[in-house]
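One-based numbering along the sequence shown. Model, not experiment: these values are computed from the prediction.
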Amino acid sequence: MGDFNFILLIIAIVVCVLVVMFNTYLLVNYQHPDDANQAYFPKIVVILGLSIAGISILMLPADIANQHACQHAIYNGACKLTLPMKQLWLAVYIVNAILVFFVIPFAMFYYEGDQDKSVGRRVCSALLWVFLTAIVVALVVGILYGLVGKVDFTVQLLSSTTVGFTNSFSSLSKDHPCLSTSGSTAHLCAAYSAGSNTTTTWTLRVSFPEYVVALTTIVGSVLFTIFGGVGIACLPLSLIYSFLRRPKAIITRSQYIKEATELGKRAREIKEVTLALQREERSGSKGRKWRKNVKKIQQELLILEEDMQALEEVYPQGEQADAAWAVTVLGYLAKLFLGLIGFCVSVLWVVHIIVYMLIQPPVSPFLNQIFIKLDDAWGLLGTVAFAFFSFYLLLAVIAGEMQLGMKLAFITIHPMKWGGTLMNSFLFNAGLILLSSISVIQFCATAFALYAQATAVQEIFGHTLESLRGIKYLFRYNVFQIAFVLLAIVTLIYYLGFGWRKRKPRGKMQLIS
């Protein structure tokens, strides 16, 4: 037993180191050249945030392995030798909440501060905003915890009379299953015959860390439901339709010059509009109209960059032009392959939600049974499959945020580009991933309840959330799961109806007056 837990501990340490190294690799390759050799504090926050999110998802397989360590124990104290998963869960999610609500906002305020100010003034300005945020968050959490920070468990109250030791059990029968003294009729010791009048509510004060995790889960669940529901459909379909809309052949030089000239005109228009907005900002007229125009500029700039990349694809230049075109063709084939795999995964997710989570009693354990059989075949297969399905949900959240960010004016666009991602976009997406990772774990703990039974995460996300005052009905009646499936279906219909259309040529950009 001790050897097993020592090996599990070593594996956990190695995985944590690998996650940190992978996120460092992503940051180095995705960062914008303007951020090279500077903005070290935001970079540390990004690496820490992404690592916490990745580790939190991988903790559920570790929780399951930890539970298996004492599943077949022959002595009562065996489980005390396993890893303290409940404490680890609470620690990780408290750190998650601190990063999301305090550290990442501070890093964003500091990074986006006026570069003309000194470092001290930028730090003080960022600390002021974070301090105000902390006061608001502390007041909201403290008031809610004081008023409704309790769990209400519905239990059945059983009781019986006390009788002296006897060797005669002739009075016991199906209709009278309880021992009783003369003159008494005790029937409340048997659950089947006690009746509904014995049901009562057992109220307990939940611990403060668990309550913080619960509230953070609610906020994350709203974002996860919206972005994840859209992303679970648009992630694979966008790859498939990208292949269907792919360029079929290389264009001529004259066509290239014509298209490049049009892109140059659009770039000049965007520059003129940007300068006009900067003049408005200096004059102090930053109203709702100004913010809408800034969002429109961001959309136009993102579309312009995509069109420039598309033009470079259909007219490769240099000595390796043929090889570049071959790589482009292979890239679109890879998108089709990944899109088809993603579509199958998305369908499996939606079907599993319907047959196991929405229909009561469940029609089939479905993915739970698949994971269990994979574990029986080889211990790591079920773990790898679970991690894949969990990380796929996180990718769906990012894809949904990008998709809705291009369509809705009130959602800020923070694209992730290889070699062109600014730190504020990194920080925003790290916060979104962190906030969504809690909900992904809660969602997976519920969706794979059979596979993850008797784990510490189920104790936190299962019994506590479903019995917590004020929010228990959201989980009891599967509000988030229903909204998730509906948004996935609506997005699928949208893509089938309009996703195959190519984007119309951009006209002259007009500011909102």
Side-chain angles (χ1 to χ4, degrees), residues 25-26 28-36 234-275 295-343 395 398-399 402-403 405-407 413-422 425-426 429 494-510:
Y25 172 81
L26 285 182
V28 170
N29 288 278
Y30 270 85
Q31 68 176 344
H32 197 278
D34 293 344
D35 290 325
C234 76
L235 176 60
L237 291 177
S238 61
L239 294 174
I240 294 174
Y241 280 106
S242 177
F243 172 80
L244 296 178
R245 295 192 298 262
R246 72 192 186 282
K248 303 298 191 298
I250 299 175
I251 62 175
T252 62
R253 180 176 176 81
S254 60
Q255 290 176 313
Y256 173 78
I257 294 175
K258 179 181 177 181
E259 294 293 334
T261 303
E262 291 297 324
L263 292 179
K265 291 180 181 179
R266 286 168 53 190
R268 286 192 294 271
E269 290 177 4
I270 292 175
K271 182 179 179 180
E272 292 174 0
V273 173
T274 303
L275 293 175
K295 175 63 182 293
K296 191 172 183 181
I297 283 291
Q298 292 176 336
Q299 291 176 333
E300 292 291 336
L301 186 60
L302 190 60
I303 293 173
L304 178 64
E305 292 176 352
E306 291 177 353
D307 290 343
M308 290 176 61
Q309 183 179 359
L311 183 60
E312 292 174 354
E313 285 182 351
V314 296
Y315 191 76
Q317 303 180 54
E319 297 179 356
Q320 303 293 331
D322 293 337
W325 174 249
V327 171
T328 299
V329 173
L330 292 176
Y332 280 105
L333 290 174
K335 286 184 178 181
L336 175 63
F337 176 72
L338 294 176
L340 293 175
I341 293 178
F343 184 77
L395 292 177
I398 298 298
M402 287 298 300
Q403 182 69 19
M406 291 295 295
K407 303 294 182 182
I413 303 175
H414 288 279
M416 297 285 291
K417 293 185 176 180
W418 187 271
T421 306
L422 294 171
S425 295
F426 254 124
N429 286 295
Y494 171 82
Y495 263 90
L496 293 177
F498 306 100
W500 54 271
R501 298 181 182 179
K502 291 186 177 182
R503 191 172 62 242
K504 295 180 180 179
R506 311 296 292 183
K508 184 176 177 61
M509 186 174 57
Q510 299 290 336

Problem set entry | Euclidean distance, I270 CD1 relative to L304 CG, rounded to 0.5 Å | 4.5 Å
Problem set entry | side chain to side chain contact (heavy atoms under 4.5 Å, CB included) against E262, all qualifying residues, sequence neighbours excluded | K265
Seminar exercise, completed: dist E272:CD -> L275:CG (nearest 0.5 Å) comes out at 8.0 Å
Problem set entry | side chain to side chain contact (heavy atoms under 4.5 Å, CB included) partners of V28, counting only residues at least two apart | T24
For this session: Please name the pair of heavy atoms, one in C234 and one in A399, separated by the smallest distance, quoted to 0.1 Å.
Result: SG-O, 3.8 Å
Problem set entry | Heavy atoms of other groups near N29 CG, more than 12 under 6.0 Å | yes
Exercise. Taking all atoms of both residues into account, what is the closest heavy-atom pair of I251 and Y315, and its distance?
Worked result: O-CD1, 3.4 Å
Exercise. Between P236 and G339, what is the shortest heavy-atom contact and its length?
Worked result: CB-O, 3.4 Å
Exercise. Does T252 offer a backbone N or O that forms a donor-acceptor pair with the side chain of Q255 under 3.5 Å?
Worked result: yes
Exercise. When rounded to the nearest 0.5 angstrom, what is the spacing between CG in L26 and CZ in F426?
Worked result: 7.0 Å
Exercise. So which heavy atom on L237 is nearest to which on Y495, and how close?
Worked result: CD1-CB, 3.6 Å
Exercise. Once you round to the nearest 0.5 Å, how far does CG of L336 lie from CG of L338?
Worked result: 9.0 Å
Problem set entry | Heavy-atom pair of closest approach, residues I250 and V314 | CG2-O, 3.1 Å
Exercise. Between I240 and K335, does a side-chain contact (heavy atoms from CB on, under 4.5 Å) hold up when you go through it step by step?
Worked result: CA-CA 7 Å; I240 294 174; K335 286 184 178 181; over 6 Å; no
Exercise. Which value, rounded to the nearest 0.5 Å, describes the distance between I297 atom CD1 and E269 atom CD?
Worked result: 10.0 Å
Exercise. Does R246 reach the main-chain N or O of F243 with its side chain, forming a donor-acceptor pair under 3.5 Å?
Worked result: yes
For this session: Verify the distance criterion only: is there a donor paired with an acceptor across the side chains of Q317 and Y256 at less than 3.5 Å?
Result: yes
Exercise. In Å, rounded to the nearest 0.5 Å, how long is the span from CG of L263 to CZ of R268?
Worked result: 10.5 Å
Problem set entry | Minimum heavy-atom distance E313-Y332, with the two atoms named | OE1-OH, 2.7 Å
Problem set entry | Pairwise side-chain contact, L244 with Y241, heavy-atom cut-off 4.5 Å (strictly under) | yes
